[in-house]
Peer 1: 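Sharing a structure with you now.
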Amino acid sequence: MKQKVSTKKKSNMKIIIAASEVVPFAKTGGLADVAGALPAFIEEEGVECVVIMPFYKMIKNGNFKVKKTGKSFDFKVGNHKLTGEFMEASLGKKNKIYFVKNDKLFDRDGLYVDEKGKDFKDNLERFVFYSRAVLEFMKLFNFKADVIHCNDWQSGLIPAYLKNNLKYDPLYKDVATVFTIHNLAYQGVFGHQEFNKTGLPKDVFSMYGIEFYGDINLLKAGLVYADVLNTVSEKYAKEIQTQEYGCGLNGVLSYRKNDLYGILNGVDYSIWSPENDTYLPKKYSLRNLAGKMDCKKKLLKEYGLKISPEKPLLGVISRLADQKGFDILLDAMEIIVELDVGFILLGTGDPIYHKRFTEIAKMYPECIGVRLAFNNALAHQIEAGCDMFLMPSQYEPCGLNQIYSLKYGNVPIVRATGGLDDTIVNFSRKTEKGNGFKFEKYSPVSLTAKILEAVNLYSEKKLWKKIVQNGMKQDFSWHVSAKKYINLYETAISKKK
Ligand code: ADP
């Protein structure tokens, strides 16, 4: 469903954003960027907004000004009585963020998985506790939210509690919910024997509720019970209604298609633009691109590559997951190493990709650089130092890096899926319009063809400058998307009534 963008100021609306990760406090992916940036932009439109997330170890030990609020609570999760307290901090200049503190559940190194990449065994307990704490917040802080904006499986139970356990409670009965799918593949699935931990009435464990092939599915809870659903691009909103992309939930999503919207993530250009970026050795802009070469030289040095800075440099920053197209990229590497280009990668994830990319980097140390890490500063430097950015994803709900890349004059080479398809337009030599290179078929041959096309264009300096400028001129700032979210909150309120 398409939404109109409102231009009116929406005062008096109160929103809680429930997000399990928020920049700058904790991040594993795009959700954290969204939850960190959206509040300030909706507040600018006159909407009051607080964010609530778990209090992880990295926040406890990090360099953040976190205060106690003195508000604590307890309730039973399954047979265990658990206590929690709220901590608070500022989020940007205007917003407050509250943390749900329970050290037994959240004081550990990972957010959702242990050091071996295995899901924490008590994830259901952890996010039941978190979701119920978000609802508890309204009571303890006398915060009468009009809408709770839930995100991904970690907060999927909130709409289920509101529609079942709390539907006659005067404090909660009018609270509307928006549920945003940042990635349909991560669903929070738990064994049916754990159902009593959710605290939901028994009849919710049915195919019309949170049951999923005999298990409990927290993402499905959000999809079934939220008043309005959205995902992070229009294309992905359509794709997830198909069997190919629906991850087993396409039936539920098609059933709710009239309540399902697509809103592209925005970019916070105060952080992600070469004019403002404090991580760069030299800043640059559309009008003066000279600093980009300094960034490139520094990056080549950082990765120890020996190629001439005049040659094209291809970059990847990513979770190393199947979703991101690493199988076709690995096949395409055979051709990439034959071209006179550099290639650098920053990412962590699946050990098989760690192994394969490490092997290739060892074989071709002059032109291939691999860093298996999560490193925010380096991610910024790669955006600035590279000429081409690769995202050959199998599926991509929105994708942020291709949008960041545009602003850095780092031309995206992407597969036409989800948000990649919505944001990247093939460059035409004839019209000189377009901002990147896009292929349809998920195959190494299609990817390689686009890389070759890009490398050829790079040697035609005038045309290359044009494609770089086309991308740098584009504006994907949060202003537009924030207005769409405000409209979505209003839609949720009206659907609830
Ligand atoms: P996803 O949420 O699927 O991981 P997105 O493109 O939407 O993909 O968002 C990824 C975000 O995480 C971007 O801000 C990107 O820069 C960042 N990121 C991913 N991997 C790394 C890494 N290894 N080091 C630093 N930042 C990373």
Side-chain angles (χ1 to χ4, degrees), residues 19-38 58 111-113 117 151-154 180-186 231-233 235-236 239-240 245 247 262-273 277 279-280 299 302-303 315-326 344-350 353-354 357-358 369-386 389-408 410 412-415 417-424 476 478 481:
S20 57
E21 49 186 272
V22 181
V23 163
F25 300 98
K27 166 169 167 175
T28 67
L31 160 62
D33 290 293
V34 175
L38 180 61
M58 61 183 68
L111 267 58
Y112 321 121
V113 296
N151 295 276
D152 283 350
W153 67 266
Q154 293 86 346
T180 303
I181 306 155
H182 295 266
N183 193 332
L184 192 68
Y186 298 86
T231 183
V232 286
S233 67
K235 178 86 185 259
Y236 191 61
E239 285 174 339
I240 55 178
Y245 292 92
C247 303
I263 302 178
L264 204 66
N265 289 336
V267 173
D268 187 347
Y269 287 123
S270 70
I271 301 175
W272 288 101
S273 97
D277 198 324
Y279 293 111
L280 306 189
L299 188 64
E302 173 74 35
Y303 270 82
V316 175
I317 305 163
S318 184
R319 285 185 292 116
L320 299 183
D322 293 342
Q323 172 207 337
K324 301 288 180 179
F326 288 109
I344 56 174
L345 176 138
L346 169 67
T348 53
D350 196 326
Y353 297 128
H354 285 209
F357 280 108
T358 307
V370 167
R371 190 73 59 85
L372 303 172
F374 193 96
N375 183 330
N376 187 42
L378 191 53
H380 284 253
Q381 288 150 10
I382 291 172
E383 287 295 4
C386 285
F389 193 82
L390 293 169
M391 281 180 87
S393 307
Q394 274 173 25
Y395 71 92
E396 194 60 72
C398 173
L400 287 168
N401 275 313
Q402 86 280 13
I403 312 181
Y404 300 155
S405 296
L406 291 171
K407 201 40 107 200
Y408 286 81
N410 183 7
I413 301 174
V414 306
R415 180 164 170 263
T417 183
L420 297 173
D421 201 22
D422 285 354
T423 51
I424 303 305
F476 288 95
W478 265 109
S481 300

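Numbering of ligands and ligand atoms starts at 1, following listing order.
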Peer 1: If you measure from each non-hydrogen atom of Pro397 to ligand 1, which part falls under 4.0 Å: side chain, backbone, both or neither?
Peer 2: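 It is neither; nothing of Pro397 touches ligand 1.
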Peer 1: Among protein heavy atoms, which lies nearest atom 23 (N) of ligand 1, and at what distance?
Peer 2: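 The answer is Ala373 O, 2.8 Å.
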Peer 1: Taking the ring of Phe476 and the ring of Tyr269, is the distance between their centroids below 6.0 Å?
Peer 2: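 Centroid separation for Tyr269 and Phe476: 6.0 Å or greater.
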Peer 1: Can you say whether the rings of Tyr236 and Tyr395 are parallel (under 30°), tilted (30 to 60°) or perpendicular (over 60°)?
Peer 2: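 It falls in the parallel class, under 30°.
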Peer 1: Of the non-hydrogen atoms in Ile382 and Gly315, which two are nearest, and what is the gap between them?
Peer 2: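 In this case the closest contact between Ile382 and Gly315 is CG2-CA, 4.5 Å.
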Peer 1: Under 4.0 Å between a side-chain nitrogen and a carboxylate oxygen: does that hold for Glu396 and Arg415?
Peer 2: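 So Glu396 does not pair with Arg415 through a salt bridge.
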Peer 1: Between Lys235 and Asp422, is there a salt bridge with N-O shorter than 4.0 Å?
Peer 2: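 Judged by the 4.0 Å cut-off on N to carboxylate O distance, Asp422 and Lys235 do not form a salt bridge.
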Peer 1: How about Gln402 and Ser393: do any of their side-chain heavy atoms sit closer than 4.5 Å?
Peer 2: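 Not touching, per the 4.5 Å side-chain cut-off.
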Peer 1: Just heavy atoms, cut-off under 4.0 Å: does Cys398 contact ligand 1 by side chain, backbone, both, or neither?
Peer 2: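 None of Cys398 does.
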Peer 1: Identify the closest protein heavy atom to atom 2 (O) of ligand 1: which residue and atom is it, and at what distance?
Peer 2: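 Result: Gly30 N, 2.6 Å.
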Peer 1: When you compare ligand 1 with Ala379, is there at least one nitrogen or oxygen pair between them that comes in under 3.5 angstrom?
Peer 2: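 Min N/O separation from ligand 1 is not below 3.5 Å for Ala379.
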Peer 1: At what distance is the nearest protein heavy atom to atom 4 (O) of ligand 1, and which residue and atom is it?
Peer 2: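 So the nearest neighbour among protein heavy atoms is Arg319 NE, 2.8 Å.
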Peer 1: May I ask you to identify, for Asn401, whether its side chain, its backbone, both or neither come under 4.0 Å of ligand 1 on a heavy-atom basis?
Peer 2: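 Both parts.
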Peer 1: When you compare ligand 1 with Thr348, is there at least one nitrogen or oxygen pair between them that comes in under 3.5 angstrom?
Peer 2: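 For ligand 1, there is no N or O atom that lies under 3.5 Å from one belonging to Thr348.
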Peer 1: Could you identify the single nearest non-hydrogen protein atom to atom 26 (N) of ligand 1 and state the distance to 0.1 Å?
Peer 2: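 I find the closest protein heavy atom is Phe374 CZ, 3.5 Å.
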Peer 1: Select one of side chain, backbone, both or neither to describe which atoms of Lys27 lie under 4.0 Å from any atom of ligand 1, heavy atoms only.
Peer 2: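 The part of Lys27 near ligand 1 is the side chain, not the backbone.
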Peer 1: Do the side chains of Ser273 and Tyr404 get nearer than 4.5 Å, heavy atoms only?
Peer 2: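 No; the side chains remain at least 4.5 Å from each other.
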Peer 1: Where is the nearest protein heavy atom to atom 24 (N) of ligand 1: which residue, which atom, and how far?
Peer 2: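 That would be Asn375 N, 3.0 Å.
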Peer 1: Answer yes or no: is there a side-chain heavy-atom contact under 4.5 Å between Glu302 and Ile344?
Peer 2: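 They are not in contact (no side-chain heavy atoms under 4.5 Å apart), so the answer is no.
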Peer 1: Would you call the rings of His380 and Tyr279 parallel, tilted or perpendicular, taking 30° and 60° as the class edges?
Peer 2: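 His380 and Tyr279: tilted rings.
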Peer 1: Among all protein heavy atoms, pick out the one at the shortest distance from atom 20 (N) of ligand 1; state its residue, atom name and that distance to 0.1 Å.
Peer 2: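 Protein heavy atom with the smallest distance to atom 20 (N) of ligand 1: Ser318 C, 3.6 Å.
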Peer 1: Go through ligand 1 atom by atom and flag the ones less than 4.0 Å from a non-hydrogen atom of Gly29.
Peer 2: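 The atoms of ligand 1 under 4.0 Å from a heavy atom of Gly29 are 2 (O), 4 (O).
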Peer 1: Heavy atom of Lys324 under 4.0 Å from ligand 1?
Peer 2: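 Lys324: in contact with ligand 1 (<4.0 Å).
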Peer 1: Using a strict cut-off of less than 4.0 Å between a Lys/Arg side-chain nitrogen and an Asp/Glu carboxylate oxygen, indicate whether Glu383 and Lys407 qualify as a salt bridge.
Peer 2: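 No salt bridge links Glu383 with Lys407.
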Peer 1: Specify the closest pair of heavy atoms between Ala19 and Leu31, including all atoms of both residues, with the distance to one decimal.
Peer 2: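 For Ala19 versus Leu31, the nearest heavy atoms are CB-CD1, 4.1 Å.
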Peer 1: At a 4.0 Å threshold, what atoms of ligand 1 neighbour a non-hydrogen atom of Gly347?
Peer 2: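 Those of ligand 1 that fall under 4.0 Å from Gly347 are 23 (N).
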Peer 1: For ligand 1, which part of Leu378 has a heavy atom less than 4.0 Å away: the side chain, the backbone, both, or neither?
Peer 2: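 It is neither part, as no heavy atom is under 4.0 Å.
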Peer 1: In ligand 1, which numbered atoms sit nearer than 4.0 Å to a non-hydrogen atom of Tyr404?
Peer 2: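 Answer, ordered by atom number: 14 (O).
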Peer 1: Would you call Gly419 a ligand 1 contact, heavy-atom distance under 4.0 Å?
Peer 2: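 Gly419 does not count as a contact of ligand 1 under the 4.0 Å cut-off.
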Peer 1: So is Leu400 polar-close to ligand 1, meaning N/O to N/O under 3.5 Å?
Peer 2: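 There is such a contact, yes.
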Peer 1: Using a 3.5 Å distance criterion without hydrogens, assess whether the side chain of Asn375 forms a donor-acceptor pair with backbone atoms of Leu378.
Peer 2: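 Pair found, side chain donor or acceptor close to backbone of Leu378.
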